[in-house]
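Along the sequence shown, residues are numbered consecutively beginning with 1.
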Amino acid sequence: MILRFAAPPPPRPFFQERIQSVYQLRPYQQIAVDSTIRYFQKSRDPAVLVLPTGAGKSLVIAELARIAKGRVLVLAHVKELVEQNHGKYESYGLDAGIYSAGLDRKDKGSKVIFGSIQSVARAGDDLFKSFSLLIIDECHRVSIEEDTQYAQVIKRLRLINPSLCVLGLTATPYRLGLGWIYQFNHRGLMRTSEQRFFKKCIYDLTLSYMIQNKYLTPPIKIDSPVASYDFSSLKLKGESFKLSEIEHVLKDQERVTPGIIANIIEMARDRAGVMIFTSSVRHAEEIMTHLPSELSAMVVGDTASHERDLIIKRFKEKNLKFLVNVSVLTTGFDAPHVDLIAILRPTESVSLYQQIVGRGLRLAPGKKDCLILDYTGVCTGCQATLVDNDKKLKEAMSLKDAHVMRPDSMQFDKTYDKKGNARIEVKYYDYDGEFLREFFYMNNPGDYRAFYYNFMRMHLRIPERKVDIRSADDVLQQKDLFRVPMFVIARKKNYYWEIREKIFE
C-alpha cells in the first residue's frame, strides 16, 4: 500500500517571532533554521534538511523546537539518538520530555518530546495531542509505504492537526534500491519524478564544505594492501547482503584476519581511539582474539543495554582503545576522539559508508586527522596471512589481476590535474623502461598528512628522521631522502594499474 495524504490546509504562522537564542549557532546551522522557517511559512509539504555527520543536527533541532509555536515531537530510530538530541536540547536550560521504552521514560505532557519511533507508534491517543511540528532524525528511513510505523504515527498526528509540519534531517538523502528520498531540491532541480514522502530538500551542506572550513577533521584514506578480504562474490539481496553469504566468505578467508589486525594495531600506535566495523558476530569474535584484551571490547546487536553503555563509557573515557562493533554504532554514537576507522565489512551503500566514516570526523583537542583503513577490496585467491615479504610476493604473483615490478629507479615530477591542482607524480621504472606511477596532491595540510602515511613513512632512508614537507617543491628538493622499493605491487583498476603495496629491504 502507498501512503497518500489529502492536500493540507493553507499554512498559517508557525514559528514565534525570533527570540534571542541561548546559544550561538554556526552560520550554516542558522541558514538551515532560517530556510525551514521560510519554507513552512508557505507550504505544509514534508521537507528535508541535509546536514553531514558532525554538522550539529542536534543544535538545529533544538533551535527549531525552541522557537516553534505549539508542541514539537522529535523522533529517532535508536535510543542513543533520542538521548543525544534530548541532552543537547536540555543542556541549554530548556526542558523537554522523553518517550522511549529503551530509556525507561514515557513523558506525555511536555511542549517538546523526544521519542523513539518504536515506542511512539505503540503509544495511546493521549500522547498525540496538539503537535504542530514533527521532526524526524535519520529521515532516510521514512518511506511512502502505508504500513510502516512512521506512516502510522504521521497519520495519527495529522488526524488531530491537518496543518502539521513535517521536517526530516539526514546526512544521506538517498537509499540503495530507491534513490533520492525527496523529489526537488532548493535549487529547483528534480531529483526524481517518482512519488516520495518528502517533497523538497530546503537546504543541503556538503561534507567537503565541512572539512574545508575546519568544522570536521580531515579523513585520510590509506589504500588497503594486498592483504584484504575478497567480497566480490557477494550479491545484493534487496538493500543488503545476505549474512550467511558474508559468513561463508569470511570463513573461507579467515587466515587473512591476523595480518589485517596486525596492520591495524601497527597503524594505531599513535592513535587515541579505534573503531573496527564488521558485519558478523563470529568475525567480530575472531578479531577480538587478535587484539590486546585489556584495551579492546566488542558491541553487537544483542549486547545487553547496561553492558553496552558501560563499554561505550569506557571507550569514551579512553580506558579502551579498540572498539569492535557489528551493525551498531553507525548512528547516534558520538566519540570525538576516534581517529582511526577500520572497515572490515562489505558496505551495501554510499550512505552506510558515510555513516561509518563519519564516526571519526568530529573535532577533538589535539586531533589532526582520521585514518580510514578499508580492508574490503577485491583480493581473489588471497587465502593466507601475509606476514613477510616472500609471502606477499608469492600471493601477489598468484593473482590474475596483479602486476609485480622490480623497479630500477624512481622519478619525481611536479604536475597539475585538469583543475590546476598541484601534485607530485612518482614513477617507478624497471630495467626495460616500463613504469608504474602514483600521484599525491600537495595543496593543504590534509594532503601533506596523506603523503606521509601513503609514501614518506615507507620510503624514508632514515625512518626516524624528521622531514618537513608542505608543498610539491619540498618533495622535489628532498627527493634524495627517499629510497626505491625492492618491489612494487599493482592491481588492475579499469584501464590502469593502481599501486597497492611496496616491499622494501
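- Rounding to the nearest 0.5 angstrom, the gap separating the OG1 atom in Thr206 from the CD atom in Gln212 is 7.0 Å.
- The shortest heavy-atom contact between Lys414 and Ala422 is CE-CB, 4.3 Å.
- The ring pair (Phe, Tyr, Trp, His ring centres under 6.0 Å) with Phe440 is formed by just one residue from the set Tyr453, Tyr448, Phe455; it is Phe455.
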Derivation and outcome, side chain to side chain contact (heavy atoms under 4.5 Å, CB included), residues Leu323 and Ile311: CA-CA 9 Å; Leu323 183 57; Ile311 290 172; 3.7 Å; yes
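- Between His337 and Phe315, the angle of the ring planes lies from 30° to 60°, which puts this pair in the tilted group.
- Applying the side-chain hydrogen bond (donor to acceptor under 3.5 Å, both in side chains) rule to Asp125 yields the partners Arg156; only residues at least two apart in sequence or on another chain are considered.
- Rounding to the nearest 0.5 Å gives a distance of 9.0 Å between CG of Asp45 and CZ of Phe40.
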Between Asn185 and Asp204, does a side chain to side chain donor-acceptor pair (under 3.5 Å) hold up when you go through it step by step? CA-CA 9 Å; Asn185 76 354; Asp204 59 357; 4.9 Å; no
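- Between Thr36 and Val33, every side-chain heavy-atom pair lies at or beyond the 4.5 Å cut-off.
- One finds the CZ atom of Arg491 at 9.5 Å from the CD atom of Glu498 (value rounded to the nearest 0.5 Å).
- Remark: side-chain polar atoms of Lys108 are not paired, donor with acceptor, to backbone N or O of Tyr99 under 3.5 angstrom.
- Of the charged side-chain nitrogens involved, at least one lies within less than 4.0 Å of a carboxylate oxygen, so that Arg105 and Asp107 count as a salt-bridged pair.
- Contact check for Tyr375 versus Ile264: side-chain heavy atoms found under the 4.5 Å cut-off.
- A heavy-atom distance below 4.5 Å is not found between the side chains of Ile469 and Tyr452.
- Using a cutoff of 4.0 Å between basic side-chain nitrogens and carboxylate oxygens, Arg362 and Asp334 are scored as salt-bridged.
- Closest approach of Met210 and Leu205 over heavy atoms only: SD-CD2, 3.4 Å.
- With respect to Lys79, the side-chain hydrogen bond (donor to acceptor under 3.5 Å, both in side chains) criterion is satisfied by exactly one of Ser305, Ser100, Ser119: Ser305.
- Counting heavy-atom neighbours within 6.0 Å of Asp417 CG, excluding the residue itself, gives a total above 12.
- Judged by distance alone, with hydrogens and angles left aside, the side-chain atoms of Lys367 form a donor-acceptor pair with the main-chain N or O of Gly360 at under 3.5 Å.
- Here CZ of Phe277 is found 5.0 Å from CG of Asn325. Values are rounded to the nearest 0.5 Å.
- Using a cut-off of 4.0 Å between Lys/Arg side-chain N and Asp/Glu carboxylate O, Glu285 and Arg282 are scored as not salt-bridged.
- For Glu138 and Lys57, the salt-bridge test passes: some basic side-chain N is under 4.0 Å from an acidic carboxylate O.
- By the ring-ring contact (aromatic ring centres under 6.0 Å, His included) test, Tyr89 pairs with Phe114, sequence neighbours left out.
- A donor-acceptor distance shorter than 3.5 angstrom exists from the side chain of Gln118 to the backbone of His77, with no hydrogens or angles considered.
- Between the CG atom of Leu49 and the CD atom of Gln29 there is a distance of 11.5 Å, given to the nearest 0.5 Å.
- Side-chain N or O atoms of Asn444 include one that pairs as donor or acceptor with a backbone N or O of Gly446 at under 3.5 Å.
- Heavy atoms of other residues, nucleotides or ligands lying less than 6.0 angstrom from CD of Glu438 number more than 12.
- The aromatic ring centres of Tyr150 and Phe197 sit 6.0 Å or more apart.
- At a threshold of 4.5 Å between non-hydrogen side-chain atoms, the residues Thr53 and Arg359 count as touching.
- At distances below 3.5 Å, at least one donor-acceptor pair connects side-chain atoms of Ser132 with backbone N or O atoms of Arg71.
- Residues that satisfy the ring-ring contact (aromatic ring centres under 6.0 Å, His included) test with Phe131, not counting sequence neighbours, are absent from this structure.
- A donor-acceptor contact shorter than 3.5 Å is absent between the side chain of Asn161 and the backbone of Ser130.
- Judged as a side-chain hydrogen bond (donor to acceptor under 3.5 Å, both in side chains), and not counting sequence neighbours, Ser110 has no contacts.
- Ile287 CD1 to Met298 CE: the interatomic distance, rounded to the nearest 0.5 Å, is 10.0 Å.
- Between the side chain of His86 and the main chain of Ala96, a donor-acceptor pair closer than 3.5 Å is present.
- A salt bridge links Glu194 and Arg196; the closest N-O separation between the charged side-chain nitrogens and carboxylate oxygens is under 4.0 Å.
- Annotation: side chain of Cys165 is in contact with side chain of Arg44 (closest heavy-atom distance under 4.5 Å).
- Leu157 has its side chain within reach of Leu73: a pair of non-hydrogen atoms, C-beta onward, lies under 4.5 Å apart.
- Arg470 pairs by the side-chain hydrogen bond (donor to acceptor under 3.5 Å, both in side chains) definition with Asp468, not counting sequence neighbours.
- Considering only residues two or more places apart in sequence or on other chains, Asp369 meets the side-chain hydrogen bond (donor to acceptor under 3.5 Å, both in side chains) condition with Arg271, Arg449.
- Annotation: side chain of Val120 is not in contact with side chain of Ile113 (no heavy-atom distance under 4.5 Å).
- A heavy-atom distance below 4.5 Å is found between the side chains of Leu167 and Ile202.
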